[in-house]
Amino acid sequence: MNKSLSCLFCLLSVVITLSGSFLFAGGYTHSTLPGALAHPVDSTAVLISKILLLSASLLALVAWVGALVRLAQLRRWGWFVCLLVFSGIAMPLYIFLGPTTYPPMPMTTPPYTGFGD
């Protein structure tokens, strides 16, 4: 997956997570009953927010796996391990600072075989 597509999926995930969180909080506004646990006033809003939060987590997962695959293709193992272990911190760093091309290969010369001896 291209780095730009991972960036798009990750940013969409953040936007959907924020909107789902606000909708979830709005569904529980002024919902406590005396002596009872909190219950949603607007259960439709809570259901929609849960669907939004699930879709945001799936988008984030697709972006993360795509970034891991791309880093493995590029053979950037340091970035790969950091993204695998510290995904929450390393994903934004990969999006804005990560590698996009293959590392430069060292220039080698063909072996010397003599002058046709």
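In this chain, numbering begins with 1 at the start of the sequence shown.
Without hydrogens or angle criteria, S13 side chain to F9 main chain gives no donor-acceptor distance under 3.5 Å.
Taking each heavy atom of T100 and R70 in turn, the nearest pair found is O-NH2, 3.8 Å. Counting all heavy atoms, side chain and backbone alike, I95 lies closest to C7 at CG2-SG, 3.3 Å. Pairing each heavy atom of S49 with each of G20, the nearest pair is CB-O, 3.2 Å. Looking at every heavy atom in both residues, S19 comes nearest to L52 through OG-CD1, 4.2 Å. Pairing each heavy atom of S6 with each of A67, the nearest pair is OG-N, 3.8 Å. Closest of all the heavy-atom pairs between A90 and C82 is CB-O, 3.6 Å.
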Begin with the C-alpha distance, continue with both residues' side-chain angles, and end with the deciding distance and a verdict on side chain to side chain contact (heavy atoms under 4.5 Å, CB included) for M91 and C10. CA-CA 8 Å; M91 189 67 183; C10 192; 4.1 Å; yes
Report task. Please report the C-alpha distance between L71 and Y94 in whole Å, then the side-chain angles of each, then the deciding distance to 0.1 Å, and finally whether the side chain to side chain contact (heavy atoms under 4.5 Å, CB included) criterion is met. Result -> CA-CA 10 Å; L71 287 172; Y94 166 74; 3.7 Å; yes
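A single hydrophobic cluster is seen to contain both F96 and I89, as judged by linkage of ILVMFWY side chains at heavy-atom distances under 4.5 Å, directly or through other members. L61 and V69 fall within the same hydrophobic cluster, where Ile, Leu, Val, Met, Phe, Trp and Tyr residues are linked whenever their side-chain heavy atoms come under 4.5 Å apart, directly or through other members. Taken together through direct or relayed side-chain contacts under 4.5 Å among Ile, Leu, Val, Met, Phe, Trp and Tyr, I16 and L5 form part of one hydrophobic cluster. Note: the hydrophobic cluster containing I48 does not contain L18 (ILVMFWY, side chain heavy atoms under 4.5 Å, direct or indirect links). Each of L58 and V15 belongs to its own hydrophobic cluster when Ile, Leu, Val, Met, Phe, Trp and Tyr are linked at side-chain heavy-atom distances under 4.5 angstrom.
Taking the side chain to side chain contact (heavy atoms under 4.5 Å, CB included) definition, one finds that I51 meets it with L47, sequence neighbours left out.
The CG atom of L83 sits 14.0 Å away from atom CZ of R76, with the distance rounded to the nearest 0.5 Å.
Listed by first and then second residue, the ring pair (Phe, Tyr, Trp, His ring centres under 6.0 Å) pairs involving residues 42-81 are W77-F80 (not counting sequence neighbours).
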